[in-house]
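Residue numbering restarts at 1 for every chain, and letters A, B, ... go by the order of the sequence lines.
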Number of protein chains: 2
Amino acid sequence: MDIPARVSVLERSTLFGGLPREALEAGAEAASEKKLDKGEALFRQGDDATTHYIVASGRLRLDQTTPDGKNVVLRFMGPGDLVGSVAVMRGIPYPATPTAVEETRALLWSHARMMELIQAHPALAMKAMNMMGGRIEELQERLQQVATQQVERRIAATVLKIAGQSGRKTQAGVEIPFPLSRQDLAEMTGTTLHTVSRTLSAWIEEGIIEGRRSSHLVIKRPHRLVEISEQA
Amino acid sequence: MDIPARVSVLERSTLFGGLPREALEAGAEAASEKKLDKGEALFRQGDDATTHYIVASGRLRLDQTTPDGKNVVLRFMGPGDLVGSVAVMRGIPYPATPTAVEETRALLWSHARMMELIQAHPALAMKAMNMMGGRIEELQERLQQVATQQVERRIAATVLKIAGQSGRKTQAGVEIPFPLSRQDLAEMTGTTLHTVSRTLSAWIEEGIIEGRRSSHLVIKRPHRLVEISEQA
DNA sequence: CGAACTATTGAGGTAGTTCAATCTTAGTGG
DNA sequence: CCACTAAGATTGAACTACCTCAATAGTTCG
């Protein structure tokens, strides 16, 4: 990627978005790049956190594995999203593994380089805090959902959130443009793939969604999903 | 509180801890104070976030209420903990209500004052990020627990975490030095007070804990609780 | 074309909820 | 100091949402 291309990625990112041109250019010039094939990991849970990443294109699934082998999907991340920085800033090992669900490119900076950038452009620190605050909010909302709501509501809310973040409008409805398995949804909502499968089957029956078997999910009646996600 | 007393609170706080004396003094001088009786709220979920707080003494329970009236306890906060700053920094309404579970004193700063302090002492920004990173970690861990573990394990892990944060060693075991109701534990673990009550009754039966009815909880066999919290 | 995933669907079991009644203790006012 | 009240806690019984186990089927890819 050349510098202008990098700048345009940074412009749209959580960390650099809205900063003056010279900050973007400094960031772009200081960056390195990495390309991941589908299924490859950017780094692994437990690795020393030495590097900050920003997704340039493609999509990552952030997985956390428990000592007893269970898996939780923390979030999906797309272009502009910052990966790994929380751990790097805190000086702790990466707490999760980001895996490419499709071919993905990322920009990256060593911690030392990033600290230089922050020193030179203090607005970066404010943006970083803002990003972290957003993560906290999101996690609090999900905790509340898993702690208080029934499975169908949680699945509905999760599908809607993913659609909001990454959905593309088509004539048939809102399409989620990357492969999202029943297992992924189960690990995001704290249930089993069986329950997800049953629930989605019922929704297909009702005409709310489309996408049996591994085709991309299309939401045909988003409003109905909102109702389900809010049902008392 | 006089300035030296405030300085000693700030010294022990997540935000100011470890900073040079002059930063502590600047913070102490810029602060105001507020006292809460048991049961009073520092602010309310939904209020405009205008003020940063640090707990000086006492203890707060941070509650999040859902539109449909359910309640989730996000965390307990004691001396040194920062309250409200995430929302203030992001410019969003406070997402939860901190209620005093015992008489509590807090120091507070307007957003403008806090920004001046951060400008003058950039290390504060780093400390704030560190604090937020810690929250993110904690929330990810809880999400993982609620999503994958059985209720008894979650209750055990929660009791242990609270004991780790606030417990005092006595000859009888580790005591949690503030009133912690079955309801509170239920709202922290995403279950009902009935289930919590049954679980704690069984633990009392087994001699793991002490504290029927509203006396303070004492953990007599912490190691056994750790086992439960890790049981496959 | 076969192997390996991923998804679907049924049947049965259970952890935890819900409903309901009773009990204990701290606090309040007479 | 004692009766009364309110709030938290306990415990039983019945129910159910969801999980687990199990078998089958459709898809993808070498």
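Protein atom CD of B:Glu205 is 13 Å distant from nucleotide atom C1' of D:dT10, rounded to whole Å. Rounding to whole angstrom units, CZ of residue A:Arg154 and C1' of D:dA17 are separated by 11 Å. Residue A:Leu185 contributes atom CG, which lies 11 Å from atom P of C:dT8 at whole-angstrom precision. One atom, NZ of A:Lys38, and another, P of D:dC29, lie 7 Å apart when rounded to the nearest Å. Distance, A:Asp184 CG to C:dA7 P: 8 Å, rounded to whole Å. Taking atom CD of B:Gln149 as the reference point, atom P of D:dC19 lies 15 Å away to the nearest angstrom. Rounded to whole Å, the distance from NE2 on A:His216 to P on D:dT28 is 11 Å. Between the NZ atom of A:Lys70 and the P atom of D:dC19 there is a distance of 10 Å, given to the nearest Å.
By the 4.5 Å heavy-atom criterion applied to side chains, B:Thr189 and B:Val151 are not counted as neighbours. Using a 4.5 Å heavy-atom threshold, the side chains of B:Thr51 and B:Val88 count as separate.
For the OP1/OP2 pair of C:dG16 and a distance below 4.0 Å, the side-chain nitrogens and oxygens of B:Thr195 include no atom meeting the criterion. Within the 4.0 Å cut-off from OP1 or OP2 of C:dT6, not a single side-chain nitrogen or oxygen of A:Ser181 is found. Phosphate proximity of D:dC19 to A:Thr192: present, with a side-chain N or O under 4.0 Å from OP1 or OP2.
The aromatic rings of B:Phe178 and B:Phe76 lie tilted to each other, with the angle between the two planes from 30° to 60°. Below 30°, between 30° and 60°, or above 60°: for A:Tyr53 and A:Phe43 the angle between ring planes is between 30° and 60°, a tilted geometry.
Note on the helix from C:dC1-D:dG30 to C:dG30-D:dC1: terminal axis deviation equals 40°, with five pairs used at each end and the result rounded to 10°.
For A:Leu193, taking side-chain heavy atoms from C-beta onward, the closest of the listed nucleotides D:dC19, C:dG16, C:dT8 is C:dT8. Of the candidate nucleotides C:dG16, C:dG10, D:dT11, C:dG10 has the atom nearest to the side chain of A:Arg198.
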**OP:** Assess whether side chain to side chain donor-acceptor pair (under 3.5 Å) is satisfied between B:Asp68 and B:Thr66, documenting all intermediate values.
**Re:** CA-CA 5 Å; B:Asp68 52 308; B:Thr66 66; 3.0 Å; yes

**OP:** Might you work through the salt bridge (charged side-chain N to carboxylate O under 4.0 Å, His left out) test for A:Lys161 and A:Glu138, ending with a clear yes or no?
**Re:** CA-CA 10 Å; A:Lys161 193 171 67 192; A:Glu138 190 187 320; 3.8 Å; yes

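Looking at heavy-atom distances under 4.0 Å, A:Ser201 makes contact with sugar-phosphate atoms alone, never a base.
Residue A:Leu225 forms a side chain to side chain contact (heavy atoms under 4.5 Å, CB included) with just one option from A:Ile155, A:Leu160, A:Val174, and that option is A:Leu160.
Put simply, the side chain of B:Arg182 and the base of D:dT11 share no donor and acceptor less than 3.5 Å apart.
Looking at which nucleotide of DNA chain D each of A:His194 and A:Thr191 is closest to, the 5′-most match is held by A:Thr191.
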